[in-house]
Novice: 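Encoded as C-alpha cells, here's the structure I'll be asking about.
These numbers come from a predicted model, not from an experiment. Throughout, a chain's letter reflects where its sequence line sits, starting with A, and its residues are numbered from 1.
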2 protein chains.
Amino acid sequence: MTQPLPTPDRQRATTVLDVARLAGVSAMTVSRALNQPQRVPPATRQRVQAAVEATHYVPNLLACGLRSRRSRLVAAIVPALGSPVFSETVQALTATLGAAGYHLMLGQSGYGAAGEDALLQAVIGRRPDGIVLVGVDHSRQTRERLAGCGMPVVETWDLTPTPIDMLVGFSHADVGAAVCRFLADQGRRRLAVVSGADGRAARRAQAFTATAEHLGLPAPVLVEVDAPTTLGHGRQALRQLLGHPAGVDGIFCSSDMLALGVLTEAAHQRIAVPGRIGVVGFGDQPLAADAEPALTTVRVDGARIGREAALRVIGRIAGAPAPELAALDVGFSIVPRRSG
Amino acid sequence: MTQPLPTPDRQRATTVLDVARLAGVSAMTVSRALNQPQRVPPATRQRVQAAVEATHYVPNLLACGLRSRRSRLVAAIVPALGSPVFSETVQALTATLGAAGYHLMLGQSGYGAAGEDALLQAVIGRRPDGIVLVGVDHSRQTRERLAGCGMPVVETWDLTPTPIDMLVGFSHADVGAAVCRFLADQGRRRLAVVSGADGRAARRAQAFTATAEHLGLPAPVLVEVDAPTTLGHGRQALRQLLGHPAGVDGIFCSSDMLALGVLTEAAHQRIAVPGRIGVVGFGDQPLAADAEPALTTVRVDGARIGREAALRVIGRIAGAPAPELAALDVGFSIVPRRSG
DNA sequence: CTGAAAGCGCTAACAA
DNA sequence: TTGTTAGCGCTTTCAG
C-alpha cells in the first residue's frame, strides 16, 4: 500500500522565486501582490502579474497552507455524495465558500460511524480550516478529535442540545409529528411509514408513530428498506403494505424516490392516490412536483443549510466569537400537492 | 475576499517531534515507522505506534506533500456531482484510490469549459499526483496547462483520437447509432430524441439522426431540454412531441430520468408504451428496472470506468511507461426491457 | 538499523 | 513600499 516510490522527476513547477526574478522584485513582493494586492502599488502589481502569466505560475497551496497555517480548505463530510437530498447543500457550500476564497473538500462517510472516523482522520491530515458535517450522531472518537483540534465545526441537517460546536439544521422529530398530523387531518387513520436505513429517517418515523398514538390512531406499520432508497424499494414496500390485514390509507416515505415507487406500484395496481391512499414524501426533489399525481412532500431548504454553514465556518475562521454563531433551526414545510 | 486575517492561534497540533520524543527516537524513525514499517524493527515500531496513539498524532499531509513532492491526492473533475450517472464512477475512484493510499479530491465543473478552467487552476494549486476528467472537450488553456505540468491525466466517459494523456470511455456516437437501429429493428419509423444540454448527449443525438437517415427513416424530431434533466422535462417533451404533425413512435432520451418523465406523461395520457411508442433511456439507473413499464436503456459500466481510470493514474505515478496505459474502450450495452 | 542536516515553497515577522 | 531572515512539518539524503 505505501511502497517507497521513486521521487517524481516531473519538471519542477515554477515558484515565487522564478516569478520574482522575472519581475525584478523579491519573492515577498510577489506573494503580497497576489495575496494582498492593495498593499502593493499598481505598477509593481502589474509587473508581477505579467510575470505570473508569462511563467504560468500557479502558487503551491501546500506550501501556503503549511507556512501560513491556513489551508483555505473546508471539508464537508456527507453520508452519500450521490444522494439528491444533500446536493443543494453541497452546491451552496461550494458557492459560499468559493466566494470567500475557500475550496470545499468533499468526503463521503457512508451513513456509518465507522466510515466517518476513518475519513475524518484522512481529512484532518489535510489541515482544513473548518469542517462541515451532515448529522449529529458521531462516535465518541470523532467528537473528541473534533473538539480537541480547535477547528470550527458545523453539524448540519439535524438538531441536538449537545452540538460539538456550531449547528444548522431542523428537527426530524417535528417533521415526523407534523406529517402524521397532516395525514390525520385528512381523516387518514391506518398509517404506515416506509423508511430507509438512516438515523434521521428513523427519528422521523419514531415521532410519526408516537404522534399517531397520541392522536388515538392505530399503531402505524413500519416498513424498513435498505439504503439507498430506490423506486423499486417503494414499489416493494407498497406491495408489502397491501398484504397487511388492517389495510393502509396513509403512507409517509423517507424519500421522494421511495414515494415515487409507492405511486408507481399504486398506479400499476389501480389503487387510487389520493383517493384510497395518501402518500407523502421527503425532500421535495424536482421529481416531486412532476410526479403523477403530484407528490405531497416535506421541503427543507438545503441550500440555506449549506449557505449558513459556510458563513459560520468563515465567520469563525475570521475570529468571530462563538455566541454570534449559535445554533440555527432552518425549519421545514409540508408542500401539499395532490398525492396526500 | 483575501483579507489579512489574524494568524490562527489554535493550539499547535502535535508533530513528529512530539511523537519522537515520547517514543525516545528521532523524528526520522517516526516517519519511517509510519510510512515504511518494514524498514523498522517491530520493537521500535510498536513504541512509535504507542506514542502516536498517546499523542493523537495525525501527520500533516501538507508538509508531507510539500517535502516529498507527493500529495497522495488525485483530483477528479465532474460536470455535476449530483448526477447519478457519474456516482458509480466516483465511488469506484474513491475505493480504488483509497486502497492504494490516495485520497480523491472532487470538483464540479458544471458542464462548461469556463468553469473547468477556473476549477483546474484551483486544483493544480493543491498539487495532486494525478487528475481524472469527465469528458474530452476542454479549452485550449486547460489542455495546455495539463499537458504542460507533466501530471498523469485520464479523460473518461468519452473517446477521442487526441487525448491529453490517458483515456477510459466509450463512443457516444456508437450509442446513438445503436439505439436508432434498435428502435428501427422493432419497426419504429417516426423517431425522436429528447436530449439534455450536454455535449456527449448531443453527439449521441447526432449519430442517432445520422443513422436514421442512413436507414431511410424520416428525420427524427429533436427536443432539447435544459440541464439537469428532470422528470418534468421528460413529461413536457412528450407533450411537445405529441403535438407534432407526423407523430412519433420511438423516443431516445438522454437520461433515465427524462425517460421516466416520458413514461409518466404517456401513462397520464393513456398512450400505450411500448404499444404505441417505444422509449429508451440512458444510464441504467436503479429506477430504470423498476419503472412501469420497465425501462429499456443504455447501460455503461461507470464503476469500471472509475476503477480503470484510478489504476491508470496509480500506474503512471508508480512509473509505468505510457504505452501500457493506452486508451480503453469500455463499450456499452442496450438493456432491453418492456418500454421499447 | 538509526540519526543529523538540509530544504520542499511559501509567508510571518521584523527591519529598512 | 520593499526586502531579509527564518521556519511551518515533514522527508530526502547521506553518514554512521
Side-chain angles (χ1 to χ4, degrees), chain A residues 2-21 23-48 52 55 57-72 124-127 129 149, chain B residues 2-21 23-48 52 55 57-73 124-127 129:
Chain A
T2 309
Q3 327 82 334
L5 296 174
T7 301
D9 52 346
R10 315 172 193 142
Q11 66 215 38
R12 246 189 196 62
T14 61
T15 74
V16 261
L17 270 178
D18 300 316
V19 177
R21 268 192 289 271
V25 296
S26 75
M28 203 47 234
T29 300
V30 173
S31 172
R32 274 196 282 257
L34 296 176
N35 298 319
Q36 309 167 48
Q38 74 287 1
R39 284 197 44 185
V40 172
T44 338
R45 206 189 302 160
Q46 278 170 23
R47 294 224 316 287
V48 170
V52 165
T55 54
Y57 172 63
V58 180
N60 183 329
L61 298 181
L62 270 56
C64 296
L66 178 60
R67 177 62 247 230
S68 67
R69 296 164 164 293
R70 299 176 158 289
S71 58
R72 298 209 147 270
I124 288 181
R126 305 278 169 195
R127 299 295 189 269
D129 294 336
C149 70
Chain B
T2 310
Q3 326 81 333
L5 296 174
T7 302
D9 53 346
R10 318 174 190 137
Q11 65 214 39
R12 248 188 196 61
T14 60
T15 72
V16 261
L17 269 178
D18 301 315
V19 178
R21 268 192 289 270
V25 296
S26 74
M28 213 32 246
T29 300
V30 173
S31 172
R32 273 195 283 257
L34 295 176
N35 298 319
Q36 309 166 49
Q38 73 288 2
R39 285 195 45 185
V40 172
T44 341
R45 207 188 303 160
Q46 277 169 23
R47 294 225 316 288
V48 170
V52 164
T55 55
Y57 173 62
V58 180
N60 183 329
L61 299 180
L62 269 54
C64 296
L66 179 59
R67 177 64 247 231
S68 68
R69 297 163 163 292
R70 300 179 157 289
S71 58
R72 298 209 148 269
L73 211 53
I124 289 180
R126 306 277 169 196
R127 298 294 189 267
D129 294 335

Novice: Measure from CG on B/L66 to P on D/dC10 and round the result to the nearest Å.
Specialist: 12 Å
Novice: Can any side-chain N or O of A/D129 pair as donor or acceptor with the backbone N or O of A/R70 at less than 3.5 Å?
Specialist: no
Novice: Could you tell me the separation between the CG atom of B/N60 and the P atom of C/dC10, rounded to a whole number of Å?
Specialist: 16 Å
Novice: When rounded to the nearest 0.5 angstrom, what distance separates CD1 in A/I124 from CG in B/L61?
Specialist: 11.0 Å
Novice: For the side chain of B/A63, starting at C-beta, report the closest nucleotide among C/dT2, C/dT11, D/dG9.
Specialist: D/dG9
Novice: A/Q38 CD to D/dT1 C1': how many Å, rounded?
Specialist: 13 Å
Novice: Judged by atom type as modelled, is there a donor-acceptor pair below 3.5 Å linking the side chain of B/S71 to the main-chain atoms of B/R127?
Specialist: yes
Novice: Distance from A/T14 atom OG1 to A/N60 atom CG, nearest 0.5 Å?
Specialist: 10.5 Å
Novice: Run the side chain to side chain donor-acceptor pair (under 3.5 Å) test against A/S26 and tell me which residues pass, sequence neighbours left out.
Specialist: A/T29
Novice: For A/T44 and D/dT1, is the shortest distance between a side-chain N/O and OP1 or OP2 below 4.0 Å?
Specialist: no
Novice: Of all residues at least two apart in sequence or in a different chain, which pass the side-chain contact (heavy atoms from CB on, under 4.5 Å) check with B/V16?
Specialist: B/A27, B/V30, B/Y57
Novice: Could you measure the distance from the CD atom of B/Q36 to the CZ atom of B/R45? Nearest 0.5 Å is fine.
Specialist: 12.0 Å
Novice: For the pair made of CG in B/L62 and P in D/dC10, what is the distance, rounded to whole Å?
Specialist: 11 Å
Novice: How long is the line joining CZ of B/R126 and P of C/dG9, in whole Å?
Specialist: 17 Å
Novice: Enumerate all atom pairs, one protein N or O and one N or O from nucleotides 3-5 of chain C, separated by less than 3.5 Å.
Specialist:
unit_1 : atom_1 : unit_2 : atom_2 : d
C/dG3  : OP2    : B/S26  : N      : 3.1
C/dG3  : OP2    : B/S26  : OG     : 3.2
C/dG3  : OP2    : B/T29  : OG1    : 2.5
C/dG3  : N7     : B/R32  : NH2    : 2.7
C/dG3  : O6     : B/R32  : NH1    : 3.3

Novice: D/dG3 C1' sits how many Å from A/R21 CZ, rounded?
Specialist: 16 Å
Novice: Under 4.0 Å between a side-chain N/O of B/S68 and OP1 or OP2 of D/dC10, yes or no?
Specialist: no
Novice: Mind grabbing the angle between the end helix axes of the helix from C/dC1-D/dG16 to C/dA16-D/dT1? Five pairs an end, 10° rounding.
Specialist: 30°
Novice: Residues two or more places apart in sequence or in another chain: which of them pass side-chain contact (heavy atoms from CB on, under 4.5 Å) with A/R32?
Specialist: A/M28, A/R39, A/V40
Novice: Using only atom types and a distance under 3.5 Å, with no angle test, would you say the side chain of B/R47 pairs donor to acceptor with the backbone of B/A23?
Specialist: yes
Novice: Could you state the atom-to-atom distance from CG of B/L17 to C1' of C/dA6 in whole Å?
Specialist: 15 Å
Novice: Check the distance between C/dT11's C1' and A/R70's CZ and give it to me in whole angstrom.
Specialist: 12 Å
